[in-house]
Amino acid sequence: MLRLTDSLTGDKVEFTPRDSGKASVYWCGPTVYDAPHLGHARSTLAFDILVRYLRWTGLDVTAVSNITDIDDKIIARAADEGTTEPELARRFEDVFIAEMDRLDVAHPDVRPRATEYVDAMLDVIGQLVDRGMAYATDSGVYFDVDRLDGYGALAGQTPDQLREGAGARVEVDDDKADPLDFALWKAAKPGEPSWDSPWGPGRPGWHIECVAMSLDLLGDGFDIHGGGDDLVFPHHENERAECLGCDRPFARLWVHNGMVQVGAEKMSKSLGNFKTLAELLDEWDPRALRLLVLQTHYRKTMEIGPATLATAATALERLDGFARRAAAAGLPHADADAGTVDRFREAMDDDLGTAAAVAIMFDAVRDANRALDAGDTDTTAALSAAVTELAGVLGLRLVADSTAGDDDAEVDELVEARAAAKEAGNYAEADRIRDELTARGIVLEDTPTGTTWRRA
RNA sequence: GCACCGGUGCCCGAGCGGACCAAGGGAACGGCCUGCAAAGCCGUAAAGCCGCGGGUUCAAAUCCCGCCCGGUGCUCCA
């Protein structure tokens, strides 16, 4: 039974779906005003892994993750670039999806766009106004925080505590009755995109889109709502307020992933650090990033940089190497080793303990290598099947064959020529060929049974 | 200032009351393999007590109190 840490209470609780045998999961996707960064990758991977695991345990999962395609930053950036908001938003949405595809992230079942849910948002705002939970002014419609019991529960603070900090970083808006009140609907300003509403032309405030979309697609009281830690307040706090303000049950469980750190020097091109996800994925195998993320618990702040990626890439190579070795061994078909799978499930059930789960996978690799050395192909086959299955659940595709290329035949010839030279004792020639292949990015692997090769 | 999350070997990072498990990965060292290498595989050691100081307990890296340090949030950032 899966147990997850609920951000609302801080407790680890058993995950019991609203509808038996099913699971409904919503997590906050990006606001598409720029290219995705490491944080988007970490968060998206975290929920990809959650969804994959839920499916593996047999649940019928409906996964929804939004695209916020209208907001201040999008408007500002579109103006800067002299383009339209829809064009800009669509462009960065495409980039986001393309980068996530490189990471082998499974697409959510539904990826709603905020601009397609304006009517639904207006409906929620209407409910709040009707119930007296919100009020309209010249500048928009605001949620009245005083009218809701327990505002601040997600943030772990009382309204008074929040008021003390209000304005600490951002200026407080003018005609709100209380600094904590927040905009549900913003009155249109000249030159900005707007929609008609009972409160005049305008555009949605933040928060409201996720409520409208999650409730519409997953229904009241859906199972899991997640996102990055930085969204806990105010974003999720306010979503929660909006839903509860309508007297409707919101998410049953809140899951938040930790932030990414890139060292004291921060991300900076001039320092040679990584700037965008695309740059990083150009340089490293995307699977190395996934493995790195897996090796850290999802709730913990983690460091991503060249050093940690390099170790992950080496570790990944160990897995691929095993996959190659297993493929070459021509193992008999076998069911996945039950002990390994059980331990994996146990680790994952404990708040998605992916680090422990990965450790179990590496244990299986070591045991399998040992069994193979000992000539125990049955044991090797069972462990190998387990490794493949677990890697699959974690979204790691192991590569057993990396020879494919245009010059395969030529490389084969050179490898044979080298073998012949070695046979004849002409080591100078053999080494010359070896150097030539190395320069071409071909890695030779001499084994007792002959030489294999692959591309680096 | 308030809230939350952290501080574990050379590095990254599991563990969060009790068994010889302080995992796993990287690095290091040794061995196998090799014409020599590389790659690969196997193995080994390594944290004198898990930020500091108290406390609770038969038992704490794991719970409580205080302190120090880092990160995040406090209205639009995953």
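Every chain is numbered from 1 and lettered A, B, ... according to where its sequence line falls, protein lines coming before strand lines. The figures that follow rest on heavy atoms only: side chains count, while hydrogens, waters and symmetry mates do not.
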Sugar-phosphate, base or nothing in reach of A/Asp373, heavy atoms under 4.0 Å: sugar-phosphate

A/Arg299 CZ - B/rA14 C1' separation (whole Å): 14 Å

For atom OH of A/Tyr151 and atom C1' of B/rA3, their distance in whole Å: 14 Å

Sugar-phosphate only, base, or nothing, as touched by A/Leu291 at under 4.0 Å among non-hydrogen atoms: nothing

C1' spacing across the pair B/rC64 / B/rC76, given as an integer number of angstrom: 39 Å

Side-chain donor/acceptor of A/Ser7 to backbone N/O of A/Trp254, under 3.5 Å: yes

Crowding at CD, A/Glu346 (>12 non-hydrogen neighbours, <6.0 Å): no

Base-pairing mate for B/rU62 - Watson-Crick or G-U, with both contacts under 3.5 Å: none

P gap between B/rA28 and B/rC10, integer Å: 16 Å

Contact under 4.0 Å: A/Lys300 side-chain N or O vs B/rG71 OP1/OP2: no

Atom P, compared across B/rC29 and B/rU34: separation rounded to whole Å: 23 Å

Residues in contact with RNA chain B, drawn from residues 360-370 of chain A - heavy-atom cutoff 4.0 Å: A/Phe362, A/Asp363, A/Arg366, A/Asn369, A/Arg370

Donor-acceptor pair (no angle test) under 3.5 Å: A/Lys186 side chain, B/rC76 base: yes

Proximity to the side chain of A/Thr308 - top-ranked nucleotide from B/rG73, B/rA14, B/rC12: B/rC12

Phosphate OP1/OP2 of B/rG40 contacted by A/Arg325 side-chain N/O (<4.0 Å): no

A/Asp69 (side chain) donor-acceptor with A/Thr115 (main chain) under 3.5 angstrom: yes

N/O donor-acceptor pair under 3.5 Å between A/Asn66 side chain and A/Gly29 backbone: yes

Whole-angstrom distance between B/rC50 and B/rC42, as gauged at atom C1': 30 Å

Between B/rC74 (C1') and A/Leu154 (CG): distance, integer Å: 14 Å

Touch class at under 4.0 angstrom, heavy-atom based, for A/Gly228 against every strand present: sugar-phosphate

Nearest-nucleotide 5' precedence on RNA chain B, A/Asn257 against A/Thr301: A/Thr301

Watson-Crick or G-U wobble partner of B/rC4, both distances under 3.5 Å: B/rG71

G-U wobble or Watson-Crick pairing nucleotide for B/rA28 (cut-off 3.5 Å, both distances): B/rU44

Sugar-phosphate, base or nothing in reach of A/Ala315, heavy atoms under 4.0 Å: sugar-phosphate

Candidates A/Tyr135, A/Phe143, A/Tyr142, A/Phe233 - the one meeting ring-ring contact (aromatic ring centres under 6.0 Å, His included) with A/Phe182: A/Phe143

Nearest listed nucleotide, side chain of A/Ala359, among B/rA27, B/rA14, B/rG24: B/rG24

B/rA19 - base-pair partner by Watson-Crick or wobble geometry, distances under 3.5 Å: none

Touch class at under 4.0 angstrom, heavy-atom based, for A/Gly258 against every strand present: base

Which residue lies more 5' along RNA chain B, comparing A/Ala310 with A/Glu445 via nearest heavy atoms: A/Ala310

Nearest-Å distance once atom C1' is located in both B/rA3 and B/rU75: 16 Å

Near-ring test A/His236/A/His256, centroid separation under 6.0 angstrom: yes

Closest contact, heavy atoms only, A/Met133 versus A/Gly245: CG-O, 3.4 Å

Presence of donor-acceptor pair under 3.5 Å, side chain of A/Arg434 and base of B/rC36: yes

Side-chain donor or acceptor of A/Tyr298 paired with backbone N/O of A/Ile49 under 3.5 Å: no

Gap in Å between the two P atoms, one belonging to B/rU57 and one to B/rC52, rounded: 23 Å

No-H, no-angle donor-acceptor pair, A/Asp446 side chain to B/rA37 base, under 3.5 Å: yes

Of residues 414-429 of chain A, the positions that come close to RNA chain B - non-hydrogen atoms, cut-off under 4.0 Å: A/Lys422, A/Tyr427

Touch class at under 4.0 angstrom, heavy-atom based, for A/Ala355 against every strand present: base

Complementary nucleotide for B/rA14 - Watson-Crick or wobble, under 3.5 Å: none

Nearest-Å distance once atom P is located in both B/rC12 and B/rG48: 16 Å

Interatomic distance where CD belongs to A/Glu303 and P belongs to B/rU8 [whole Å]: 13 Å

Strand partner of B/rC76, provided both Watson-Crick or wobble distances fall under 3.5 Å: none

Sidechain-backbone polar pair: A/Asp144 side chain, A/Asp146 backbone, donor-acceptor under 3.5 Å: yes

Side chain of A/Glu317 (C-beta onward), nearest among B/rA78, B/rG40, B/rC2: B/rG40

Protein-nucleotide distance (A/Asn238, atom CG; B/rU75, atom C1'), rounded to Å: 7 Å

Distance test, side-chain N/O of A/Arg318 to OP1/OP2 of B/rC42, below 4.0 Å: yes

Nearest-Å distance for atom pair CG/P, residues A/Asp11 and B/rC5: 11 Å

Atom pair distance, as rounded to whole Å: CG in A/Leu352 and P in B/rA14: 13 Å

For B/rG35, the Watson-Crick or wobble counterpart (both distances under 3.5 Å): none

Pair of N/O donor and acceptor under 3.5 Å linking B/rG15 base with A/Asp350 side chain: no

Inter-nucleotide P distance (B/rU72, B/rG25), Å rounded: 31 Å

Could you list the donor-acceptor pairs under 3.5 angstrom formed between side-chain atoms of residues 94-101 of chain A and any protein atom two or more places apart in sequence or on another chain?
{"residue": "A/Glu99", "atom": "OE1", "partner": "A/Arg102", "partner atom": "NH1", "Å": "3.1"}
{"residue": "A/Asp101", "atom": "OD1", "partner": "A/His107", "partner atom": "NE2", "Å": "2.7"}

Sidechain-backbone polar pair: A/Glu237 side chain, A/Ala153 backbone, donor-acceptor under 3.5 Å: yes

Closest heavy-atom pair and its distance - A/Leu444, A/Arg418: CD1-NH1, 3.7 Å

Nearest non-hydrogen partners of A/Ala327 and A/Ala400, listed with the distance: CB-CB, 4.0 Å

Strand partner of B/rU56, provided both Watson-Crick or wobble distances fall under 3.5 Å: none

Touch class at under 4.0 angstrom, heavy-atom based, for A/His297 against every strand present: sugar-phosphate

Interatomic distance, A/Asp34 CG vs B/rC76 P [rounded to whole Å]: 17 Å

Donor-acceptor pair (no angle test) under 3.5 Å: A/Arg454 side chain, B/rA39 base: no

Short side-chain to backbone donor-acceptor contact, A/Asp48 and A/Thr44, under 3.5 Å: no

